[in-house]
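Written out below as structure tokens is the structure these notes cover.
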Amino acid sequence: MRWKIGSVEIENPFVLAPMAGVTDLPFRGLCKEQGAGLVCTEMVSAKAISFHNKNTKSLMEITPQEHPVSLQLFGSEPELMAEVARSIEEQTFDILDINMGCPVPKVVNNGEGSALLKNPELIHRIVSEISHAIKKPVTVKIRIGFEGYDVDPVEIAKIIEDAGGAAVAVHGRTRQQYYAGEADWETIGRIKDAVRIPVIGNGDVDSPLKAEKMMKDTGCDAVMIGRAVRGNPWIFREMNHYFTTGELLEKPSAAEIREMILRHARWQIELKGEFTGIREMRKHVAWYTSGMRHSAGLRRESNTIENYESLERLLSKLE
């Protein structure tokens with residue numbers, strides 16, 4: 001199942017999607033332990049790095065156990081982005097990914113993220129400038145359209161390849177869709193047919209069977225898993241087991257979920273302190289316990305936890 005992005009070898013085709021507020025260092029570490037082939041950081045603003053914003057340092061922190069790891073950058077100014085890429089290349093990430101898919105208004109209204117899909121010439125300049133500025137592989141994450149504009153995602157992918165991109169990740173939804181409706185895998189397949197660089201398919205993969213179907217239907221080289229991994233780092237263990245043996249693993253037990261949440265919380269506290277770490281765990285607790293008995297009550301109570309001991313008490317109710 002091994003594959004490569006540029007010179008970077010990746011053990012399996014299961015990729016953790018970059019997600020703001022989710023894929024911080026502790027969560028990436030847990031996903032890597034469960035078998036993620038490639039993990040990606042939360043997106044980091046090129047402009048913020050250039051201004052030496054103190055918050056970017058923690059976003060870019062990487063541990064040796066994570067490799068290979070992709071650092072995701074966003075911005076819209078080719079020269080600035082290339083300069084920033086050059087300035088951080090000595091840091092320990094393996095791949096530099098450019099975000100051209102984020103749909104949130106504060107990013108789009110600034111001409112960044114999926115707004116770049118409206119300007120293929122600018123896409124070429126950004127990818128070309130960055131890929132010439134650094135030796136590490138440069139990849140791009142895109143969506144397949146932007147409302148009100150005649151976006152051709154196949155041409156966009158070819159432009160990325162021509163400009164020096166080493167791979168392209170394709171979320172099979174338009175900007176307008178956000179995360180609603182079904183992802184368009186057919187377009188992912190057309191992109192795969194049109195370029196020689198690896199194509200990572202993204203959208204609606206929430207099980208080993210879905211991953212298998214996406215790869216068969218589209219021919220993509222790897223699958224990127226986003227929302228389905230929230231509260232479920234075990235999905236990577238399930239993917240690897242199924243693709244190796246053909247067997248579906250049982251879901252984790254309540255005891256296993258409890259221990260994972262507590263490990264996650266301890267890691268958060270170690271890095272961010274108890275005040276911030278525990279408050280950031282509130283959403284994770286809701287995701288980890290979704291669908292379990294008494295999960296609605298647990299979710300309500302998780303919104304009030306303020307320290308590790310109160311989290312332990314809350315989780316003692318897990319069945």
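Reckoned from all heavy atoms, side chains included, excluding hydrogens, waters and symmetry mates.
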Between Glu155 and Lys158, does at least one N-O distance fall below 4.0 Å, as a salt bridge requires? yes
Sorted by chain and number, sequence neighbours left out, ring pair (Phe, Tyr, Trp, His ring centres under 6.0 Å) with Tyr178 holds for none
Please tabulate, one pair per line, all N/O donor-acceptor pairs under 3.5 Å involving side-chain atoms of residues 99-106, not counting sequence neighbours.
unit_1, atom_1, unit_2, atom_2, d
Asn99, OD1, Gly101, N, 3.0
Asn99, OD1, Cys102, N, 2.9
Asn99, ND2, Gln72, OE1, 3.1

Could you tell me which residues satisfy ring pair (Phe, Tyr, Trp, His ring centres under 6.0 Å) with His284, sequence neighbours excluded, listed by chain and number? Phe27, His264, Trp287
Worked verdict on Arg266 versus Glu259 for salt bridge (Lys or Arg N to Asp or Glu O under 4.0 Å): CA-CA 11 Å; Arg266 290 194 294 271; Glu259 182 51 37; 3.1 Å; yes
Hits for side-chain contact (heavy atoms from CB on, under 4.5 Å) against Asn110, two or more places apart or cross-chain, chain-then-number order -> Glu112
Any pair counted as ring pair (Phe, Tyr, Trp, His ring centres under 6.0 Å), so long as it reaches residues 183-204, sequence neighbours left out: none
Do Glu89 and Lys135 sit within salt-bridge range, that is, some charged N less than 4.0 Å from a carboxylate O? no
Could you list the residues that satisfy ring pair (Phe, Tyr, Trp, His ring centres under 6.0 Å) with Phe275, not counting sequence neighbours? none
Could you list the residues that satisfy salt bridge (Lys or Arg N to Asp or Glu O under 4.0 Å) with Asp184, not counting sequence neighbours? none
Partners passing side-chain contact (heavy atoms from CB on, under 4.5 Å) against Arg227 (at least two apart in sequence or in another chain): Arg173, Tyr179, Asp204, Arg230
Taking only residues two or more places apart in sequence, or in another chain, which ones meet Thr139 in a side-chain hydrogen bond (donor to acceptor under 3.5 Å, both in side chains)? Asp97
Say whether, by atom type as modelled, one donor and one acceptor occur between the side chain of Gln65 and the main chain of Gly29 under 3.5 angstrom. no
Classify the side-chain pair Gln268/Asp24 by whether it contains a donor and acceptor separated by less than 3.5 Å. yes
Please check if the side chain of Glu147 supplies one atom and the backbone of Gln176 the other of a donor-acceptor pair under 3.5 Å. yes
Cluster question for you: counting only ILVMFWY and a side-chain heavy-atom cut-off of under 4.5 Å, with indirect links fine, are Tyr242 and Phe14 together? yes
Any ion pair linking Glu186 and Arg190 (charged N to carboxylate O, less than 4.0 Å)? yes
Residues which pass side-chain hydrogen bond (donor to acceptor under 3.5 Å, both in side chains) with Asn307, listed by chain and number, not counting sequence neighbours: Ser310
Residues forming a ring pair (Phe, Tyr, Trp, His ring centres under 6.0 Å) with Phe93, sequence neighbours excluded: none
Counting N and O atoms only, with roles assigned by atom type, does the side chain of Trp3 sit under 3.5 Å from a partner on the main chain of Glu11, one being a donor and the other an acceptor? no
In short, ring pair (Phe, Tyr, Trp, His ring centres under 6.0 Å) pairs touching residues 197-223 with sequence neighbours left out are none
Is Arg263 salt-bridged to Glu270, cutoff N-O under 4.0 Å? no
